[in-house]
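The structure appears right after this line, and notes come after that.
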Amino acid sequence: MGNSDAVLNQTTQAVEETVKTREGKLRVGIIGTGWIAEAHAESLKKMDDVEIVAMADLIPGKAEAFAARFGIENVNFYPDHAAMLANEKLDAVSNCTYNVAHAQTTIDALNAGVNVLLEKPMCVTTEEAVEIMRAEKKSGKILSIGFQPRMDENMKMIKRIVESGALGKVYYIQTGGGRRRGIPNSTFIEKSTGGIGAMGDIGCYSLDMVLNAIGYPKPLTASGYISDFFGTNAKYQRPDAFHTAAENAARFSVEDFAAAFVRLEGDIILDFRISWAMHLDTPGDTVILGTEGALRIPSTECWNGTVGGAMTLYHDIAGEMTETKFPILNTNGSLFDLKVRSFLDAIWEGTPAPVPTSEILYNQAIIDGIVKSAKLGREIEIEIPEI
């Protein structure tokens, strides 16, 4: 076992011992019982200090079928989140609704005095993110955003490398990634439910990887481009349980590709691109350039929560150009389980949210800035209202 694994193992054991001394169980509800809720349910079922007591879904019978499929008993079912919040005494909710519903459901839960684990993306627009944060501030409750890659030891290593000073002053970042073919369909592809496409699904992850590493500087301007050449073409679509390939192409109304040139505080340039579908295996590795060194982070086939291979630090030692390899680190446990566990521990201990909205606000502002810039066909200033 490596040093990092040993430390994480000790930390996990300490958390488990702490949990055992806690009295009672946290009463948790699930808002939305679609695909991502499955991962939440599986993780919550593993936690001894949690009881899933309620589920809400707009589709009649869907929550009941979900509970039966996962063997979750003694649950109250509701036709929407408002009814659940009005009739249940909850400690927390997993918010697993589609993107455009994230803001209102989260605000309502916070106003009801309930802690929230909100799936990514935080929402669709900057304005929604600000309203969520205002409700969070007023409620005093914990709101954590569902970025489980933060729990990966390799992601933590990227941040440690930057914070060590090995790169010097960071001045340019190239990041993104995507899939040669990987349009998820379902509610992801319609503007009325998804709001945004590839950027909200996987682009927010790649942004978080680099922005978290450099301390989340404020975004200042964005020059963005988005397209939908593949999603709207039945030739590149696929059927699902409810639609033919042609039907999915017809209802596709978000972006399947996005690219942008973003200026950040601290005179840092962010060169970003993300794709659900393209004629390429990857648009390139992530690269962080600094005045004292550079870091190359191999891309992944499909954002899976970690890095695509050993990272390389390019730097000079004693006047000689040198390359240092960082082998892949193992993470002790499921990233999703660690995400859920960190949220629950924050509730018990009254500690800050593991993935705070103060950071993800900037992530959302960049995505929204790209959409607004692409619509106007020019660079725009990114404006973030006061919270």
Among residues at least two apart in sequence or on other chains, which ones pass side-chain contact (heavy atoms from CB on, under 4.5 Å) with L58?
D80, Y98
If we ignore hydrogens and angles and just use 3.5 Å, is the side chain of [X] paired with the main-chain N or O of [Y] as donor and acceptor?
X    : Y    : answer
N115 : D91  : yes
T106 : A103 : no
D256 : A277 : no
E88  : M84  : no
R134 : I107 : no
Q364 : C123 : yes
T357 : I360 : no
D271 : Q174 : no
S299 : D285 : no
H315 : E323 : no

Side chain proximity check, [X] to [Y], heavy atoms < 4.5 angstrom:
X    : Y    : value
F272 : L207 : yes
L110 : L143 : yes
V93  : V28  : no

Would [X] end up clustered with [Y] when hydrophobic side chains under 4.5 Å apart are linked, directly or stepwise?
X    : Y    : value
I196 : M278 : no
F336 : I72  : yes
I36  : I30  : yes
V124 : I387 : yes
I142 : L26  : yes

Output the distance between atom [atom1] ([X]) and atom [atom2] ([Y]), rounded to the nearest 0.5 Å.
X    : Y    : atom1 : atom2 : answer
L313 : K325 : CG    : NZ    : 11.0 Å
I214 : I173 : CD1   : CD1   : 3.5 Å
I382 : K218 : CD1   : NZ    : 10.0 Å
F326 : M157 : CZ    : CE    : 6.0 Å
H102 : I145 : NE2   : CD1   : 9.0 Å
F242 : S186 : CZ    : OG    : 8.0 Å

Do the charged groups of [X] and [Y] touch, with an N to O distance under 4.0 Å?
X    : Y    : result
E38  : R69  : yes
D48  : K25  : no
K191 : E255 : no
D368 : K372 : yes
K159 : E163 : yes

Do you know which two heavy atoms are closest between [X] and [Y], and how far apart they sit?
X    : Y    : value
V100 : S192 : CG2-O, 3.1 Å
E190 : V254 : C-CG1, 4.0 Å
L335 : P149 : CD1-CA, 4.4 Å
I274 : G178 : CD1-N, 4.2 Å
I183 : G231 : CD1-CA, 3.6 Å
A37  : F66  : O-CZ, 3.4 Å

Take atom [atom1] in [X]; do more than 12 heavy atoms of anything else shown fall under 6.0 Å from it?
X    : atom1 : result
K137 : NZ    : no
D240 : CG    : yes
E381 : CD    : no
E383 : CD    : no
K375 : NZ    : no

Determine whether V262 and T221 satisfy the following criterion, side chain to side chain contact (heavy atoms under 4.5 Å, CB included), listing intermediate values before the conclusion.
CA-CA 6 Å; V262 182; T221 67; 6.0 Å; no
Quick check: [Y] with [X] (ring centres under 6.0 Å apart)?
X    : Y    : answer
H279 : F229 : no
H40  : F70  : no
F147 : Y205 : yes

Evaluate the criterion salt bridge (charged side-chain N to carboxylate O under 4.0 Å, His left out) for residue pair D152 and K156; output intermediate values, then yes/no.
CA-CA 6 Å; D152 178 64; K156 295 177 183 178; over 6 Å; no
Pair D281-R181, salt bridge (charged side-chain N to carboxylate O under 4.0 Å, His left out): steps then yes or no
CA-CA 9 Å; D281 55 350; R181 295 289 189 278; over 6 Å; no
Side chains of [X] and [Y]: do they bring a donor and an acceptor to under 3.5 Å?
X    : Y    : answer
Q104 : D108 : yes
Y216 : D208 : yes
N74  : E51  : no

Any chance you could lay out the side chain to side chain donor-acceptor pair (under 3.5 Å) test for E119 and N99, step after step, and finish with the verdict?
CA-CA 9 Å; E119 261 309 319; N99 297 348; over 6 Å; no
